[in-house]
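Working notes, beginning with the structure itself.
Within every chain, numbering begins at 1; the chains are lettered A, B, ... in the order of the sequence lines, protein sequences first and strands thereafter.
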2 protein chains.
Amino acid sequence: MNTNTSATVGRPRLFDEDAVLAELTALFWRQGYGQTSMADIVDASGVHKPSLYRTFGSKEELFALVLRRYLAERIAMFAQMIELSGPGVAGIQNFLDLFEADAVSERGRDGCLMVMASNELRGVLPGYDFSADYREQMRGQIHLLILQSGEVDGTGVAEARTDLVTAYLLGLNVVMRSTADAAEIHRYVDAMRATVRTW
Amino acid sequence: MNTNTSATVGRPRLFDEDAVLAELTALFWRQGYGQTSMADIVDASGVHKPSLYRTFGSKEELFALVLRRYLAERIAMFAQMIELSGPGVAGIQNFLDLFEADAVSERGRDGCLMVMASNELRGVLPGYDFSADYREQMRGQIHLLILQSGEVDGTGVAEARTDLVTAYLLGLNVVMRSTADAAEIHRYVDAMRATVRTW
DNA sequence: TGCCTTATGTACCAAACGGTACATTAATAA
DNA sequence: TTATTAATGTACCGTTTGGTACATAAGGCA
């Protein structure tokens with residue numbers, strides 16, 4: 001296949017590979033996998049079909065690529081939010097503020113591509129269990145947030161809080177993707193704020 | 001269209017309308033909307049295409065029908081679980097037991113058709129915002145559970161707990177649909193049990 | 001200057017898709 | 001018995017789908 005991403009020979013590529021992947025990530029994120037046709041992909045990317053197939057492989061392979069890229073980006077976003085949030089239980093509240101700000105943004109309304117894909121495409125992409133991968137990595141980030149709050153690891157408390165916040169955030173992503181205005185999202189975030197206040 | 005569901009004249013229907021809807025509910029639930037073709041629907045139901053179209057309308061209309069039926073069933077299941085759970089905070093724990101038992105069952109592994117559909121088909125079914133409808137009704141049931149636990153309405157506490165449990169359960173449905181064994185599901189339910197213990 | 005390699009763009013493909021025309025069958029009503 | 005109504009089953013429709021053949025263009029290299 002196309003292992004040589006920076007060939008020195010032959011006609012040079014007219015499009016930026018990563019920029020196209022970013023554009024298509026947004027497209028899949030908005031529309032879902034099944035609702036997005038190759039024609040849509042051609043339109044959104046401005047790249048003709050044969051070039052897409054030569055560069056990224058089939059639609060499934062392209063989507064797998066998009067998912068991996070998205071996963072890395074999203075986990076990085078979590079990591080950054082957590083770092084910004086700071087220590088203590090107040091840090092968790094700060095994290096919720098940051099998460100809510102993203103949730104009510106235009107992109108936030110689309111929820112999470114990973115949550116969407118794991119609902120739509122369970123077991124469709126061969127050889128890559130992205131839903132487990134995502135949940136594991138996301139939970140790892142939340143675990144860091146909880147530990148950073150001062151909770152001691154290994155007692156079970158930190159782990160239970162981690163699981164609670166993880167499941168809660170997955171649910172919030174469902175709410176975000178469906179029709180829910182900023183006020184409703186705020187209500188759901190406030191519910192977790194109240195719980196965190198008891199920690 | 002077919003308003004006359006029990007016609008006395010003409011050739012009688014060879015299939016049971018509700019049994020077919022139940023079968024197709026299971027099919028959509030397993031596979032999702034986009035991954036299910038009319039050919040699949042014909043195979044699963046044993047009913048030929050023209051009869052399906054005559055009885056249920058287009059694929060979209062059929063799915064809308066399936067969704068409404070499923071929603072009523074699911075809310076009824078919630079209501080029954082809540083009734084079985086009994087009063088007090090212990091009732092919430094009982095509810096979590098019942099929910100977990102369903103979650104680890106074969107059907108539970110497919111998560112929730114409504115959650116799946118609201119992720120896959122946001123705004124695709126014209127004139128029926130099923131995701132908002134579902135969330136509202138589900139939240140209403142959870143609200144009953146919280147009130148039944150003894151929490152006083154109107155103080156904001158009951159409402160916050162309702163929202164927390166609602167979002168959490170939506171997230172749990174995401175976990176259930178993805179690859180997660182009974183042990184992992186148990187861990188996530190236990191996280192909520194720990195929170196409820198502080199109520 | 002050619003040669004080789006790779007990307008591009010048009011035009012096309014077979015298969016699968018959702019949906020339907022039409023002749024047939026089976027029931028009730030006159 | 002016959003007319004009417006509705007459901008069935010085959011066979012088919014046009015469109016859209018994911019995917020490709022092929023000729024052309026544009027670079028590096030000998």
Set of side chain to side chain contact (heavy atoms under 4.5 Å, CB included) partners for Asp43(A), sequence neighbours left out: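 Listed in chain order: nothing, the list is empty.
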Return the set of residues passing side chain to side chain contact (heavy atoms under 4.5 Å, CB included) with Leu65(A) (not counting sequence neighbours), or none when no residue passes.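 Leu65(A) satisfies side chain to side chain contact (heavy atoms under 4.5 Å, CB included) with Leu21(A), Phe56(A) once adjacent residues are dropped.
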Decide whether Val196(A) and Leu145(A) are clustered together by the hydrophobic rule: side chain heavy atoms of Ile, Leu, Val, Met, Phe, Trp, Tyr closer than 4.5 Å, transitively. yes
Selection residues 60-111 of chain A - residue pairs positive for ring-ring contact (aromatic ring centres under 6.0 Å, His included), sequence neighbours left out: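 For residues 60-111 of chain A, and leaving out neighbouring residues, the ring-ring contact (aromatic ring centres under 6.0 Å, His included) pairs sorted by first residue read Phe28(A)-Phe63(A), Trp29(A)-Tyr70(A), Tyr33(A)-Phe63(A).
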What's the [atom1]-[atom2] distance between [X] and [N], to the nearest Å?
{"X": "Arg54(A)", "N": "dG9(C)", "atom1": "CZ", "atom2": "P", "answer": "13 Å"}
{"X": "Phe63(A)", "N": "dG18(D)", "atom1": "CZ", "atom2": "C1'", "answer": "16 Å"}
{"X": "Leu52(B)", "N": "dT8(D)", "atom1": "CG", "atom2": "P", "answer": "9 Å"}
{"X": "Arg13(A)", "N": "dT6(C)", "atom1": "CZ", "atom2": "P", "answer": "11 Å"}
{"X": "Phe15(B)", "N": "dA6(D)", "atom1": "CZ", "atom2": "P", "answer": "15 Å"}
{"X": "Phe56(A)", "N": "dG18(D)", "atom1": "CZ", "atom2": "C1'", "answer": "17 Å"}
{"X": "Tyr53(A)", "N": "dT10(C)", "atom1": "OH", "atom2": "C1'", "answer": "16 Å"}
{"X": "Leu62(A)", "N": "dG18(D)", "atom1": "CG", "atom2": "P", "answer": "11 Å"}

Contacts to DNA chain C from residues 34-50 of chain B, heavy-atom cutoff under 4.0 Å, which residues?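 Per residue number, the list reads Thr36(B), Ser37(B), Met38(B), Lys49(B), Pro50(B).
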With distance as the sole test, does Asn173(A) use its side chain to make a donor-acceptor pair with the main-chain N or O of Leu169(A) at under 3.5 Å?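 Side chain of Asn173(A) to backbone of Leu169(A): a pair is present.
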What pairs of residues pass the side-chain hydrogen bond (donor to acceptor under 3.5 Å, both in side chains) test when at least one of them lies in residues 78-97 of chain B, not counting sequence neighbours? Asp97(B)-Arg193(B)
Just grab all the side-chain hydrogen bond (donor to acceptor under 3.5 Å, both in side chains) pairs involving residues 161-172 of chain A, residues at least two apart or on different chains. Arg139(A)-Asp163(A), His143(A)-Thr162(A), Glu151(A)-Arg161(A), Asp163(A)-Arg187(B)
Residues in side-chain hydrogen bond (donor to acceptor under 3.5 Å, both in side chains) with His48(B), at least two apart? none
Apply side-chain hydrogen bond (donor to acceptor under 3.5 Å, both in side chains) to Ser45(B) and list each qualifying residue two or more places apart in sequence or on a separate chain.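 Partners of Ser45(B) by the side-chain hydrogen bond (donor to acceptor under 3.5 Å, both in side chains) criterion come out as none, since no residue qualifies.
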Identify the pairs formed between an N or O of the protein and an N or O of nucleotides 26-30 of chain D at a distance under 3.5 Å, and give each distance.
{"unit_1": "dG28(D)", "atom_1": "O4'", "unit_2": "Thr8(A)", "atom_2": "O", "d": "3.1"}

So does Ser51(B) get a side-chain nitrogen or oxygen closer than 4.0 Å to the phosphate oxygens (OP1/OP2) of dA7(D)? no
